[in-house]
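Everything on this sheet refers to the single structure shown next.
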Amino acid sequence: MPLSVESMITLNVLQNKWWAEQKRKEEAANKLDLYHDDYEEIIREKMKELFCKANINRLYYHVNQSQNILKRVINEISTIYKVEPQRDYNEDKRYEEILGYLDLNTKLKKVNCYVNLLNECLIKVGERKGKIVYDIITPNMCMVLQNEDDPTEADAIIYTTTSVNDVSKTDILYHYWDVEGSYRIFDGGFKLKKIVYDPEDPRATKGRSPYIDKKLKQYVMPFVVFRRQEPDSAFWDQDTGRDLYNATIMTGIKMTLLDYYFKVATFKQIYTVGDVVEIPNNQISDPLTIFRVSGENATVGLLDMQINMNQLKEAIEFQINSVINNYGISADMWTLTPGEMSGRALKIKNERLLEIRENQLPFYRKAELELFEITRIVNNAHFSQKISENVEFSIDFGELEWPEDPKEELKLDIMKWGMGLYPTAQLYMKYNPDITDQKKAIKKWRQNIEDTLKFREENPSLDAELNKILGQRGGFGGAVSPEGEEEEE
């Protein structure tokens, strides 16, 4: 029976949507490959668009991916969890236990990098082996069915898992979740394999979904979406960050050319002109064997390829500087190390990075709140030890700290301590991070002072000897002003 016009249009739309999704996922996968330094084939594919086959063959083994500016930029701008945030959950024992084994900040650092790389990243909250688990789901392994009224929201989420059962077979499974409380598993051909949760289907192995928001009295999917910015008109942001991706590929091609040109420029090609030319068969392996050329105007010459390597280097530098400026990184910061600049100068240089961080903080604060709520729902559905429904969650993201000169930092810390602005225990723990208990820190501080005073009494010449070593004119332990007067610290 032939399809109706309406059915043909629907089928065509679905096919186009499917291929568009595959293209989006492929682009996300390529970005991940770049971030993980696995993009030689991506460079080769791009070279096929730019060069003829003969030139591609010459460049094939010269592919250079040493300047991975995408990875460097993503790591530089991913600063949300550079300072450990302070989470307030009313000291709920169960949630504290979960945080104890999750290593949440380490996982969210990776999420922060993936969000800046891919614009979105999902965390699926689940239960496995008697523990709450957070699984990171990247856009290359995930599809969504958008809400008709609000396309930035998902009515269903489909993600893939892959397992290799033997050397010749790879099993792909599609996991389907929707807002109606359904969780189904399909095989690689989208044939239904199992129904886990469904409120109406009797084939569901576990009946109704236990993931219900008690306040809203509706089913929830156990996913949290971390975003780079507020979505405009679709769930996925496919465009932001393409400049960085393309610049990294083009930089790889230019570096490939640089390697090839270096090879060409360092090879001197001999040429001969004459009526009779005798070239020994072993000339390549034996450069001491001479050419014999005879005839009128017979000559032997040397072809020296003169290539402006500096011009190509300048083009590569321009490419890198152009794109990193888009992400708040100045050209000098690309090469300078923290020790070459003071903390204040670093903060000024990184002002744009701070602005990027401040713009992203509201999205992460919202996502962390959603993550807590979903964790509570999943935990309370599977475990007897509950997270209290009365717990209110909040998070305070710490301020970034910039490295100072150790001497200046110590001087400032002692000044703050002397003014009562820096608690003794915290100051001691800063310079001895192995001590984490404040009472132990105070006890150790006093013990060190007593030991030092006792040692000085037993060795009265200690100060004088130390002054000789350090080149100080005043007593050891005090700084000397330019006028020779000792300043109190």
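The analysis underlying the following values was restricted to heavy atoms, covering all of them including side chains, and did not include hydrogens, waters or symmetry mates.
Remark: side-chain polar atoms of N379 are not paired, donor with acceptor, to backbone N or O of T375 under 3.5 angstrom. At distances below 3.5 Å, at least one donor-acceptor pair connects side-chain atoms of D88 with backbone N or O atoms of N90. Side-chain N or O atoms of N432 include none that pairs as donor or acceptor with a backbone N or O of Y428 at under 3.5 Å. Looking only at distances, a side-chain donor or acceptor of R376 sits under 3.5 Å from a matching main-chain atom of V391. A donor-acceptor pair under 3.5 Å links the side-chain atoms of K107 to the main chain of Y134, judged by distance alone. Under a 3.5 Å cut-off, the side chain of S182 and the backbone N or O of D178 do not form any donor-acceptor pair.
Salt bridge annotation for D198-R208: absent, with no cationic side-chain nitrogen under 4.0 angstrom from a carboxylate oxygen. Using a 4.0 Å cut-off between charged nitrogen and carboxylate oxygen, R24 and E27 do not count as a salt-bridge pair. Between R365 and E368, no side-chain nitrogen of the basic residue sits less than 4.0 Å from a carboxylate oxygen of the acidic one, so the salt-bridge criterion is not met. Ion pair K23/E26 not flagged as a salt bridge, since none of the NZ, NE, NH1 or NH2 atoms sits closer than 4.0 Å to an Asp/Glu carboxylate oxygen. Classification of K25 and E21 as a salt-bridged pair fails, no side-chain N sitting under 4.0 Å from a carboxylate O. Ion pairing between a basic and an acidic side chain is recognised when a charged N comes within 4.0 Å of a carboxylate O; K416 and D413 show no such pairing.
Contact annotation: the side chain of I395 approaches that of F393 to within less than 4.5 Å [non-hydrogen atoms, C-beta and beyond]. You'll find the side chain of L353 stays beyond 4.5 Å of the side chain of T79, heavy atoms only. Residues L192 and I185 are not in side-chain contact: their nearest non-hydrogen atoms beyond the backbone lie 4.5 Å or more apart. Side-chain contact between T161 and I172 is absent, with no heavy-atom pair separated by less than 4.5 Å. A heavy-atom distance below 4.5 Å is not found between the side chains of I158 and H175. Between P151 and F235, every side-chain heavy-atom pair lies at or beyond the 4.5 Å cut-off. In this structure the side chain of L122 never reaches within 4.5 angstrom of the side chain of F226, judged on heavy atoms. With contacts defined as side-chain heavy-atom distances shorter than 4.5 Å, the pair I80/F397 qualifies.
S78 and N116 make their closest contact through OG-ND2, 2.9 Å (heavy atoms, listed as atom of the first residue, atom of the second, distance). The two atoms that bring I253 and L50 nearest to each other are CD1-CD1, 3.7 Å, heavy atoms only. For the residue pair D213 and I377, the shortest heavy atom distance occurs at CA-CD1, 4.1 Å. Residue A29 comes nearest to N140 through the heavy atom pair N-CB, 3.6 Å, listed as atom of the first residue, atom of the second, then distance. Across I56 and K48, no two heavy atoms sit closer than the pair CD1-CA, 3.3 Å. The shortest non-hydrogen separation linking R227 to T152 is NH2-O, 3.1 Å.
Taking OG from S322 and CD from E317, the interatomic distance works out to 11.5 Å, rounded to the nearest 0.5 Å. Interatomic distance, CD1 of I320 versus NZ of K254, reported as 10.0 Å (0.5 Å rounding). With rounding to the nearest 0.5 Å, the separation of CD in Q65 from CD1 in I249 is 9.5 Å. Atoms CZ and CG, from R203 and D201 in turn, are 4.0 Å apart once rounded to the nearest 0.5 Å. Note that OG1 of T106 and NZ of K110 are 9.5 Å apart. Values are rounded to the nearest 0.5 Å. Taken to the nearest 0.5 Å, the NZ atom of K366 stands 8.5 Å off from the CZ atom of F363.
Only one option out of Y159, F190, Y183 pairs with Y174 in a ring pair (Phe, Tyr, Trp, His ring centres under 6.0 Å); it is F190.
With sequence neighbours left out, E389 forms a side chain to side chain donor-acceptor pair (under 3.5 Å) with N380.
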Legend entry - side-chain hydrogen bond (donor to acceptor under 3.5 Å, both in side chains) assessment of Y261 paired with N308: CA-CA 9 Å; Y261 290 162; N308 192 340; over 6 Å; no

Inset, instruction - Give the C-alpha distance, both sets of side-chain angles, the deciding distance and a yes or no for side-chain contact (heavy atoms from CB on, under 4.5 Å) between F383 and R94. - result: CA-CA 10 Å; F383 298 97; R94 175 55 180 163; 3.6 Å; yes

Inset, instruction - Output, in order, the C-alpha distance, side-chain angles, deciding distance and verdict of side-chain hydrogen bond (donor to acceptor under 3.5 Å, both in side chains) for D237 and T240. - result: CA-CA 7 Å; D237 179 358; T240 304; 2.7 Å; yes

Inset, instruction - Let me see the working for N55 and R58 under side-chain hydrogen bond (donor to acceptor under 3.5 Å, both in side chains), right down to the final yes or no. - result: CA-CA 5 Å; N55 286 336; R58 293 188 181 96; 2.8 Å; yes

Inset, instruction - Under the side-chain contact (heavy atoms from CB on, under 4.5 Å) rule, what do Y219 and V179 come out as? Steps first, then yes or no, please. - result: CA-CA 6 Å; Y219 292 108; V179 294; over 6 Å; no

Inset, instruction - Start with the C-alpha gap between N64 and L257, add the side-chain angles, then the distance that decides, and say whether side-chain contact (heavy atoms from CB on, under 4.5 Å) holds. - result: CA-CA 9 Å; N64 187 322; L257 289 172; over 6 Å; no

Inset, instruction - Report the C-alpha separation of V323 and I69 in whole Å, then their side-chain angles, then the decisive distance to 0.1 Å, and conclude whether the side-chain contact (heavy atoms from CB on, under 4.5 Å) test is met. - result: CA-CA 9 Å; V323 72; I69 57 178; 3.6 Å; yes

Inset, instruction - For side-chain hydrogen bond (donor to acceptor under 3.5 Å, both in side chains), just list the numbers for N112 and R357, CA-CA rounded to whole Å, side-chain angles, deciding distance to a tenth of an Å, and then say yes or no. - result: CA-CA 11 Å; N112 186 202; R357 184 175 190 266; over 6 Å; no

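A ring-centre distance under 6.0 Å is found for Y95 and F372. In summary, the aromatic rings of H62 and F262 are positioned with their centroids too far apart to meet the 6.0 Å limit.
Residue pairs meeting the side chain to side chain donor-acceptor pair (under 3.5 Å) criterion with at least one partner in residues 117-129, sequence neighbours excluded, are N119-R228, R128-D135.
No more than 12 heavy atoms of other residues, nucleotides or ligands shown are found within 6.0 angstrom of NZ on K440. Within 6.0 Å of CD in Q146 there are more than 12 heavy atoms belonging to other residues, nucleotides or ligands. A 6.0 Å sphere centred on NZ of K93 holds no more than 12 heavy atoms belonging to other residues, nucleotides or ligands. A 6.0 Å sphere centred on CD of Q311 holds no more than 12 heavy atoms belonging to other residues, nucleotides or ligands.
Figure legend: R44 and Y39 shown without cation-pi pairing, the cationic atom not lying both under 6.0 angstrom from the six-membered ring centre and within 45 degrees of its axis.
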